[in-house]
J.: 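Starting off with a structure, shown below.
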Amino acid sequence: QVQLVESGGGLVQAGGSLRLSCAASGRAVSTYFMGWFRQAPGKEREFVTSIDWSGGGTGYADSVKGRFTISRDNAKNTVYLQMNDLKPEDTAVYYCAADSVPLKRRSPLYWGQGTQVTVSS
């Protein structure tokens, strides 16, 4: 129905940058709320950021605010996560998510497979 595929993860030194991409397919994806969650080994999944259908409404976890930027290109059905000034504590598997309602209202209905981000010190 809706498929999400992340890319762009990798290994980066502290202070560096990465840009993650999430390619979406399926009906009505351009109207969906989309965003990113992450999960580090042994820890709970946590919310990172979200964006509404227009791209004008965004939200960020306090831990990433000012360093990460979410954007979307509805013509390409793609969501991006620009990550700057990366820190070792940002190391996690990053998952793209989508839903017809705001992502924090419930567990999102659709998830990507995840992409590993590793930040070395």
Side-chain angles (χ1 to χ4, degrees):
Q1 184 175 356
V2 174
Q3 295 183 356
L4 307 173
V5 180
E6 303 98 330
S7 62
L11 175 64
V12 64
Q13 291 183 309
S17 298
L18 284 173
R19 189 178 77 157
L20 306 183
S21 298
C22 175
S25 61
R27 290 190 177 276
V29 292
S30 64
T31 70
Y32 277 39
F33 296 85
M34 300 190 69
W36 297 86
F37 292 73
R38 68 186 182 186
Q39 187 167 22
K43 295 187 176 181
E44 297 278 329
R45 181 193 66 184
E46 66 174 346
F47 170 82
V48 177
T49 182
S50 65
I51 190 167
D52 69 5
W53 70 271
S54 73
T58 60
Y60 298 89
D62 288 342
S63 59
V64 306
K65 193 169 186 177
R67 300 187 297 119
F68 291 11
T69 303
I70 188 170
S71 61
R72 70 190 298 167
D73 184 340
N74 287 338
K76 297 181 178 179
N77 289 331
T78 301
V79 175
Y80 304 96
L81 180 62
Q82 179 67 46
M83 304 184 294
N84 297 326
D85 191 25
L86 283 161
K87 303 175 180 180
E89 51 263 45
D90 295 318
T91 295
V93 177
Y94 284 70
Y95 296 93
C96 182
D99 207 334
S100 60
V101 302
L103 297 187
K104 299 187 77 173
R105 185 165 293 179
R106 63 186 181 190
S107 181
L109 294 179
Y110 305 105
W111 295 88
Q113 83 287 351
T115 186
Q116 177 71 48
V117 172
T118 302
V119 184
S120 65
S121 59

J.: Answer yes or no: is there an ion pair linking Arg67 with Asp90, defined by an N-O contact shorter than 4.0 Å?
T.: yes
J.: Which distance, rounded to the nearest 0.5 Å, do you find between the CG of Leu81 and the CE of Met34?
T.: 12.0 Å
J.: Between Asp52 and Arg72, does any NZ, NE, NH1 or NH2 come within less than 4.0 Å of an OD or OE carboxylate oxygen?
T.: no
J.: Could you report the tightest heavy-atom contact between Ala92 and Arg38, atom names first, then the distance?
T.: CB-CB, 3.8 Å
J.: Quick check: is Phe33 connected to Trp36 through a chain of hydrophobic side chains (ILVMFWY, heavy atoms under 4.5 Å apart)?
T.: no
J.: Please step through side chain to side chain contact (heavy atoms under 4.5 Å, CB included) for the pair Ser30 and Lys76, ending with a clear verdict.
T.: CA-CA 9 Å; Ser30 64; Lys76 297 181 178 179; over 6 Å; no
J.: Please check if the side chain of Ser63 supplies one atom and the backbone of Ala61 the other of a donor-acceptor pair under 3.5 Å.
T.: no
J.: In this structure, would Leu109 and Ile51 fall into the same cluster of hydrophobic residues linked by side-chain contacts under 4.5 Å?
T.: yes
J.: Quick one: do Tyr94 and Val119 end up in the same hydrophobic cluster if we chain Ile, Leu, Val, Met, Phe, Trp and Tyr together by side-chain heavy atoms under 4.5 Å apart?
T.: yes
J.: Verify the neighbour count for atom CZ of Arg106: are there more than 12 heavy atoms of other residues, nucleotides or ligands below 6.0 Å?
T.: yes
J.: Indicate yes or no: at least one non-hydrogen side-chain atom of Val2 is less than 4.5 angstrom from one of Val29.
T.: yes
J.: Decide yes or no for Gln113 and Val5: does some side-chain heavy atom of the first lie under 4.5 Å from some side-chain heavy atom of the second?
T.: yes
J.: Report yes or no: do Val79 and Val117 belong to one cluster of Ile/Leu/Val/Met/Phe/Trp/Tyr joined by side chain heavy-atom distances under 4.5 Å?
T.: yes
J.: According to ring-ring contact (aromatic ring centres under 6.0 Å, His included), does anything in residues 46-87 pair up with another residue at least two apart or in another chain? List the pairs.
T.: Phe37-Phe47
J.: Does Ile70 belong to the same Ile/Leu/Val/Met/Phe/Trp/Tyr cluster as Leu4, with side-chain heavy atoms less than 4.5 Å apart forming each link?
T.: yes
J.: When you check the side-chain N and O atoms of Tyr110 and Gln1, is any donor under 3.5 Å from an acceptor?
T.: yes
J.: Mind checking the OG1-CD spacing from Thr118 to Gln13? Nearest 0.5 Å is all I need.
T.: 13.0 Å
J.: So, Thr69 side chain and Gln82 main chain: donor-acceptor pair closer than 3.5 Å or not?
T.: no
J.: Distance-only, no hydrogens or angles: does the Gln116 side chain make a donor-acceptor pair with backbone N or O of Gly10 under 3.5 Å?
T.: no
J.: Would you list the atom pairs, donor with acceptor, under 3.5 Å between side chains in residues 14-25 and any protein atom, with sequence neighbours excluded?
T.:
unit_1 : atom_1 : unit_2 : atom_2 : d
Ser17  : OG     : Asn84  : OD1    : 2.9

J.: Sequence neighbours excluded, which residues qualify as side-chain hydrogen bond (donor to acceptor under 3.5 Å, both in side chains) partners of Gln39?
T.: none
